[in-house]
Amino acid sequence: MAAIQQLTAGDFSCLDRLLSLLYQPDLSASGAVREVVAQLSELLPERAVYVGHLDPAARRFTIVAAVGAERLGLSDGVCVPQEQSFCFHMARKAAPNLSNDAGG
């Protein structure tokens, strides 16, 4: 809730654009993710914005979409062993929780 209170009126127009992506039937899921990441990078300038996928069965972490994360070695399609991803260690509670729990 605190994050929403910090948003400005200009930020809400960006959020409206993000929500509108959910209703574009011609946009693939991966295309929608890439567009959301691009829009969030506008909302969060000078920040690395990325969406990754942890695949426990394959024990891999794959970057689905990234903007501004090159300095971290992250770009679309990068795939590493899950043990090398910060997200893996956050999920195991072995690293600081720097994002919301997307898994619920």
| request: Please answer: with hydrophobic residues joined when any side-chain heavy atoms are less than 4.5 Å apart, are L40 and V67 in the same cluster? | output: yes

Taking every heavy atom of S28 against every heavy atom of G31, the minimum-distance pair comes out as OG-N, 2.9 Å

Legend entry - Cluster overlap L54 with V51, hydrophobic side-chain contacts below 4.5 Å: no

side-chain hydrogen bond (donor to acceptor under 3.5 Å, both in side chains) pairs touching residues 55-76, sequence neighbours excluded, are R34-D76, R59-E83

Those residues at least two apart in sequence (or on a different chain) that pass side-chain contact (heavy atoms from CB on, under 4.5 Å) with L44 are R47, V49

Residue set satisfying side-chain contact (heavy atoms from CB on, under 4.5 Å) with E46, at least two apart, ordered chain then number -> none

In terms of hydrophobic clustering (I, L, V, M, F, W, Y; side-chain heavy atoms under 4.5 Å; direct or indirect links), are L43 and Y50 co-clustered?
no

Original post:
Linking I/L/V/M/F/W/Y whenever their side-chain heavy atoms sit closer than 4.5 Å, directly or via other members, would I63 and V33 fall into one cluster?
Top reply: no

Verify same cluster id: V64, V37 (apolar side-chain graph, 4.5 Å): yes

